[in-house]
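To start, the structure itself, in structure tokens.
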Amino acid sequence: MPERHRVVILGGGFGGLVAAQRLKNAPVEVTIIDRRNFHLFQPLMYQVATGSLSPGDIAAPIRGVLSKQKNVQVLLGEAVKLDPDTKRVTLRDGGIFEYDSLIVATGSQTSYYGNDSWRQWAPSLKSIEEATDIRHKILYAFEEAERAATSEEVTAWLTFVIVGAGATGMELAGALGEIANETLRHDFRHINPQNARILLMEGGDRVLPAYPPTLSAKAEKLVSRLRVEVMKGVMVTGIDGNGVTIKRGDSSEQLPAKTVLWAGGIAMTPFAKQLAASTRSETDKIGRITVRPDLTVPNYPDIWIIGDLAHAVDNRGNALPGVAQVAIQGGTYAAKCIRARLEGKRE
């Protein structure tokens, strides 16, 4: 009896998980490999970071999600090398997996634009651990402000800086505004949480730069109603335990702030860079791999790249944003292509 078609999926996020589900009952053997053994509902991560949800509310074991799908096995591991000519994926622990079709959905990592030393002062929001760290920093700031001996200390503890006004930054700013103005407003005796200063900084000329200008304007109005100060055209040049240094035009200034949160850009992982090199693929300025309209790598039609790692464009030539819905559609389409090929149909 011939072996079944082997599909390896790297990454158990939205794209990878949906791709595996769409291959249910197909004549394939699916192996899904992820660094974590749980699927994380990233769009609600900011609610963990601001205390509205617990980590368990947004994490689901991948094996549990796919437990009734008999043609799938889930493995814990991290891909570090791909040989597209021999069709082999090597994991960090030395494990090697061969494939007939490969779906890469490994996502991205936070970029500090070459200033990785800022990470210790300004956590990002890419993992459960970072979300709980942010939650601690936010609540701890109000506690320290309550005990502060001087007005200067109170101001520093009640100043919250969010760097980056993309979707994550906007969500964090809005949730922080609700905490300061509603959730905690009656909980302290020596401070008024409504006096908290929430600064949302963006280097560009509008918030949500990946979205249409009309949506950016509406979103800015919404967070402004929660007393969030939106600062556009601002470049952060330094972050330490005392606050941030910013540059606006030709002038620089230092803002005292004990709580700085990073919602800046993204970068590709070391594996993504190796993947691009081994497949001789073009990449955009942040390292995303340029894919064909069917989401495959130009030189290797048996490799699909979906989610944050893919530089895909719409009919107008605009790059698709790195959001959950795009990843889900990519995973669905990749699975559909594999099914079609096995059935001898055109994709």
Side-chain angles (χ1 to χ4, degrees), residues 11 13-15 18 40-47 49 104-115 122 124-127 130-131 161-177 198-224 226 228-236 261-269 272 276 282-293 295 305-333:
F14 287 106
V18 167
L40 195 60
F41 196 86
Q42 286 272 356
L44 292 181
M45 188 91 84
Y46 78 97
Q47 293 202 21
V104 183
T106 49
S108 59
Q109 62 184 10
T110 301
S111 172
Y112 284 82
Y113 305 115
N115 301 287
S124 65
L125 194 54
K126 276 287 188 181
S127 69
E130 288 176 322
V161 173
I162 301 168
V163 183
T168 299
M170 294 293 286
E171 289 163 347
L172 279 173
L176 255 174
I198 304 167
L199 306 176
L200 178 62
M201 299 182 178
E202 170 58 39
D205 59 359
R206 61 187 177 93
V207 303
L208 296 178
Y211 294 83
T214 53
L215 184 59
S216 297
K218 289 179 181 179
E220 183 174 342
K221 286 182 179 179
L222 286 173
V223 295
S224 296
L226 293 168
V228 174
E229 298 177 39
V230 180
M231 302 172 66
K232 293 170 286 191
V234 172
M235 301 300 294
V236 173
L261 309 178
W262 187 265
I266 62 171
M268 296 304 107
T269 62
E282 293 183 2
T283 58
D284 66 7
K285 62 182 180 181
I286 61 173
R288 295 180 299 182
I289 296 175
T290 301
V291 295
R292 293 162 55 90
L295 303 180
I305 299 180
I306 61 177
D308 286 356
L309 181 52
H311 176 71
V313 298
D314 60 19
N315 293 333
R316 298 180 180 178
N318 299 315
L320 298 178
V323 296
Q325 190 57 48
V326 172
I328 290 170
Q329 291 179 22
T332 300
Y333 185 75

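The first residue of the sequence shown is numbered 1, and numbering continues consecutively from there.
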With sequence neighbours left out, what residues match [X] under side-chain contact (heavy atoms from CB on, under 4.5 Å)?
X      : answer
Glu282 : Thr290
Val223 : Met170, Val228, Val230
Asp314 : Arg316, Asn318, Leu320

Where is the tightest heavy-atom contact between [X] and [Y], given as atom of each residue plus distance?
X      : Y      : answer
Phe14  : Ala327 : CB-CB, 4.2 Å
Val207 : Lys232 : N-CD, 4.5 Å
Arg288 : Ala310 : CD-O, 3.9 Å
Asp308 : Met268 : O-CE, 4.0 Å
Val291 : Ala312 : CG2-CB, 3.9 Å
Leu208 : Gly166 : CD2-C, 3.5 Å

Worksheet item: Would you say Thr168 and Leu172 make side-chain contact, with heavy atoms under 4.5 Å?
Response: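 They are in contact (side-chain heavy atoms under 4.5 Å apart), so the answer is yes.
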Discussion item. Among residues at least two apart in sequence or on other chains, which ones pass ring-ring contact (aromatic ring centres under 6.0 Å, His included) with Tyr46?
Written reply: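 Testing Tyr46 for ring-ring contact (aromatic ring centres under 6.0 Å, His included), a comparison that skips the adjacent residues, returns none.
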Worksheet item: For Tyr112, which residues count as a ring-ring contact (aromatic ring centres under 6.0 Å, His included) partner, sequence neighbours excluded?
Response: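 Checked Tyr112 against ring-ring contact (aromatic ring centres under 6.0 Å, His included); matches are Trp262.
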Approximate separation, where rounding is to 0.5 Å, of [X] [atom1] and [Y] [atom2]:
X      : Y      : atom1 : atom2 : value
Ile289 : Leu309 : CD1   : CG    : 4.5 Å
Tyr211 : Lys218 : OH    : NZ    : 15.0 Å
Met201 : Met235 : CE    : CE    : 12.0 Å

Item to complete: Identify which one of Leu200, Leu176, Leu125 satisfies the side-chain contact (heavy atoms from CB on, under 4.5 Å) criterion when paired with Leu261.
Response: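 Among Leu200, Leu176, Leu125, the one that satisfies the side-chain contact (heavy atoms from CB on, under 4.5 Å) with Leu261 is Leu176.
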Practice prompt. Take Ser124 and Glu130 through the side chain to side chain donor-acceptor pair (under 3.5 Å) test and state the conclusion after the steps.
Written response: CA-CA 6 Å; Ser124 65; Glu130 288 176 322; 2.9 Å; yes
Worksheet entry | Contacts of Ser216 that satisfy side-chain hydrogen bond (donor to acceptor under 3.5 Å, both in side chains) - sequence neighbours left out |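 Expected list: Arg206.
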